[in-house]
Amino acid sequence: MAAAAWTPWRRLRLHRGLSEASLAEVLDGGQSFRWARTAEGEWTGVFGRHVARLRSVSDSVEWSGLSGDAGVEGSLLFYLDAAGEQDRVAEALPWRSDAVLRAAMALYPGLRILRQDPAEALLCFLCSSNKRIIQIRSMVAALARELGPPLGGGHRALPGWGELAAADDRVLRACALGYRANYVRGTARLLADRPDWDAEWSRLETPALLERLGALPGVGPKVAACVALFGFGRLGAFPVDTWIVQALAAAYGLRGWSPARMAEFGRIHFGEGAGLAQQHLFAAVRAGKLPGMELRRPKAAPPRSCGRPRA
DNA sequence: ATGGACCCTTGAT
DNA sequence: ATCAAGGGTCCA
């Protein structure tokens, strides 16, 4: 394959910049599964139909795209919320009265929710159940490699629902989807002949959107919340995964609560930016730095009676 | 509403 | 070689 021809590095005009660690958390913290760190410490990724490189330079972000793609910068500005809409949402979070949230937010300043394409978020999170981030990244990379349209430089976009619906079962099997292959195929068959599904669903209120998403095969409450948050920009959606269960149990005294109740707690306690708060808590607990969880075992059998820390 | 199976991979014994 | 667990969902 031909070597990629990259445009020169340029500074991306962000309302709020990002440290190197925060940029890494945004790109590789479980929101998107399409970015990889290069040997030079830069990031190369595919989002929508664009390929880009990103790097952090003294708390600002520099970008470079495939030469010939004039739309990269504008798409990046949207993707990374350059206008800073999320700053206002973050300001409205209850960090003044919630020391746990305050500490988590201090850990990755500038952390934000990526504004991904709905189909991209849906496909990736259909693959996410019972998988680690690195495994999800490997699965969707395989899907792009096997079925996705080429974008130049050896990169490929994710396949559309049509390609996925028509895909041979052996191909999906080769992508190591396991039982998730049926989720992907089932959802692809429902959406393949509805090219405007995302535009239509964008007009729904969040509860209705979650209901529509949840009716797709392979989409339960957690995946629906992730797609609403990362794909439809619903910052109030509050995905509850195993990490958030740990975090809310240990730091908010919610031991024994069901995920559904935890989700309700999150939406009520954190409000319109619940999903953004969730991402901060997720990052903090994964880093092992959430207050009240210092005693967490490195590799951890679920700690059952190690006291009841309460923030 | 709660419990178990589910495909497959990885990392720890 | 075996075991446990992984940003869950589905069905009983």
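To find a chain, count down the sequence lines: A is the first, B the second, and so on, and within it residues start at 1. Only heavy atoms go into these numbers, but all of them, side chains included; no hydrogens, no water, no symmetry mates.
If A260(A) and R180(A) are placed on DNA chain B by their nearest nucleotide, the residue sitting closer to the 5' end is A260(A).
Using a 4.0 Å heavy-atom criterion, one finds that P217(A) contacts the sugar-phosphate atoms exclusively. At a threshold of 4.0 angstrom between heavy atoms, the contacts of L216(A) are confined to the sugar-phosphate backbone, with no base atom among them. Among the heavy atoms of the strands lying under 4.0 Å from V219(A) are primed sugar atoms or P, OP1, OP2 only; no base atom is included.
With both pairing distances under 3.5 Å, dA12(B) is matched to dT2(C) as a Watson-Crick or G-U wobble pair.
Of the candidates dC6(B), dG7(C), dT9(B), the closest approach to any side-chain atom of I133(A) belongs to dG7(C). The side chain of R173(A) approaches dC8(B) more closely than any other nucleotide in the set dG7(C), dC8(B), dT2(B). Out of dC10(C), dT9(B), dG7(C), the shortest distance to the side chain of W243(A) is found at dG7(C).
For F125(A) and F230(A), the ring centers sit closer than 6.0 Å to each other.
For Q279(A) against dG7(C), a side-chain-to-base donor-acceptor contact under 3.5 Å is present. Within 3.5 Å, a donor on the side chain of Q278(A) pairs with an acceptor on the base of dG7(C), or the reverse.
In this structure, S64(A) contributes its side chain and P8(A) its backbone to no donor-acceptor pair below 3.5 Å. When atom types are taken as modelled, the side chain of R189(A) and the backbone of G186(A) share no donor-acceptor pair closer than 3.5 angstrom.
The shortest distance between side-chain heavy atoms of S202(A) and W197(A) does not fall below 4.5 Å.
Look at F125(A) and the base of dG7(C); the rings do not stack under the cut-offs of 5.5 Å between centres and 30° between planes.
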